[in-house]
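Each chain gets a letter, A, B and so on, in the order the sequences are listed, and its residues count up from 1. Both backbone and side-chain heavy atoms feed into the values below; hydrogens, waters and symmetry mates do not.
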Amino acid sequence: MVKLVEEHFDLQVTAANTTVSDTFELDKNIVAIKGFLITSDKDDMAYFRGSQRMEINKDEIFPEGYETKRVMSGISVPPMQRFYDLGGRHPGNGNIKVDFKDTDDGRTSFTPYRVRFYFYCEKTEDNQ
Amino acid sequence: MREKAIIETLSITKKGQIKHFQVRIPNNAERVIGIETGLRMISSFSFDFGDFFSFPTRMITPFPRNLLIGELKLQSCDEGNLFYTGEIHVRDFTTGYGDFSETEDFRSEEWTHGLRREEMEVVVKGDTTILTGFFRDRIGELFGDVQYEIKVIVWYEVKVKKDDCQPCS
């Protein structure tokens with residue numbers, strides 16, 4: 001039986017104009033990645049200052065410099081429509097590498113913030 | 001088909017500046033399928049909105065005007081020719097239009113009330129190999145020399161070989 005689940009991972013941005021990188025591992029029972037969403041505890045920081053490069057199973061999804069605001073959705077969007085559509089992509093080895101870059105923008109002053117990456121996935125149940 | 005993106009960054013520093021640029025489309029591109037744009041401000045400028053955005057005197061029903069940063073055009077080398085024309089704005093001041101629910105502590109902003117962003121869908125053959133672009137600064141007409149970066153994001157489909165089916169690496 002296939003379930004629809006959300007997995008999420010965090011990155012902490014503690015300094016301005018830096019790149020924070022990490023590799024996340026999806027649950028081994030994930031069979032498809034349907035969507036992707038970014039949120040933050042300081043939305044305006046991520047919105048104006050953030051960009052990320054992301055690859056799933058070494059396959060590049062977003063190139064360096066792809067703005068974070070393009071994968072953020074506000075409360076005006078129905079919850080299940082907020083995700084960036086990844087089309088049910090196969091997770092491969094389940095490794096997701098993210099390079100998140102903070103860059104000065106004339107509309108904000110830097111303060112440390114947390115960025116959260118949500119992945120909307122299909123998951124099979126363990127057969128025991 | 002797999003989808004990939006190319007990002008071209010333009011640096012604007014002068015009032016009325018015009019930028020001509022090219023985006024090279026890879027040989028393995030089947031077709032160009034979408035265009036997105038982005039803006040990063042380097043210098044700031046002040047615009048006196050009066051008490052338009054002040055709470056509680058904020059006026060909710062008059063439609064606020066968005067500030068135009070500039071105009072972008074893209075052209076392909078095939079019969080598609082001029083296939084994209086767009087405007088880039090500083091911010092969307094209209095997210096709170098007609099919204100009487102906001103309070104002093106929770107104001108409507110692009111990141112709280114913004115819609116999901118979709119690319120502008122286009123269909124341009126990958127044979128074009130090069131996209132020619134034109135950007136013209138317009139914000140300088142109001143504020144003089146303003147420094148910012150424009151990002152042009154070109155999405156394209158990649159031709160997948162028949163034997164390219166490796167789920168794991």
* To do: Could you check if a side-chain atom of Val23(B) sits within less than 4.5 angstrom of a side-chain atom of Ile130(B), using non-hydrogen atoms only?
  => no

* **Contact class of Phe83(A) relative to chain B, heavy atoms under 4.5 angstrom** => backbone

* Asked: So how far is it from Ile88(B) CD1 to Leu39(B) CG, rounded to the nearest 0.5 Å?
  -> 7.0 Å

* **Test ring-ring contact (aromatic ring centres under 6.0 Å, His included) applied to Phe36(A) and Tyr120(A), Phe62(A), Tyr118(A), Tyr84(A), the passing residue** => Phe62(A)

* Structure fact -> Counting heavy-atom pairs under 4.5 Å with chain B, the top scorer among Glu67(A), Gln81(A), Arg82(A), Arg70(A) is Arg70(A)

* Asked: If you measure from CG on Asn95(A) to OG1 on Thr23(A), what distance do you get to the nearest 0.5 Å?
  -> 6.5 Å

* Structure fact -> Residue from Ile75(A), Val77(A), Ile61(A) scoring the most non-hydrogen pairs under 4.5 Å with chain B is Ile75(A)

* Asked: Any Lys/Arg nitrogen of Asp99(A) or Lys97(A) sitting under 4.0 Å from an Asp/Glu carboxylate oxygen of the other?
  -> yes

* Structure fact -> Comparing Thr39(A), Val71(A), Asp59(A) against chain B, the one with the most heavy-atom pairs below 4.5 Å turns out to be Asp59(A)

* Does the pair Lys15(B)/Glu141(B) count as a salt bridge with the N-to-O cut at 4.0 Å? -> no

* chain B heavy atoms under 4.5 Å from Leu37(A): which part of the residue, side chain, backbone, both or neither? -> neither

* To do: Check whether Leu115(B) gets within reach of chain A through its side chain, its backbone, both or neither, counting any heavy atom under 4.5 Å.
  => both

* **Top contributor to chain A contacts, counting heavy-atom pairs under 4.5 Å, from Lys4(B), Glu149(B), Met41(B), Gln147(B)** => Met41(B)

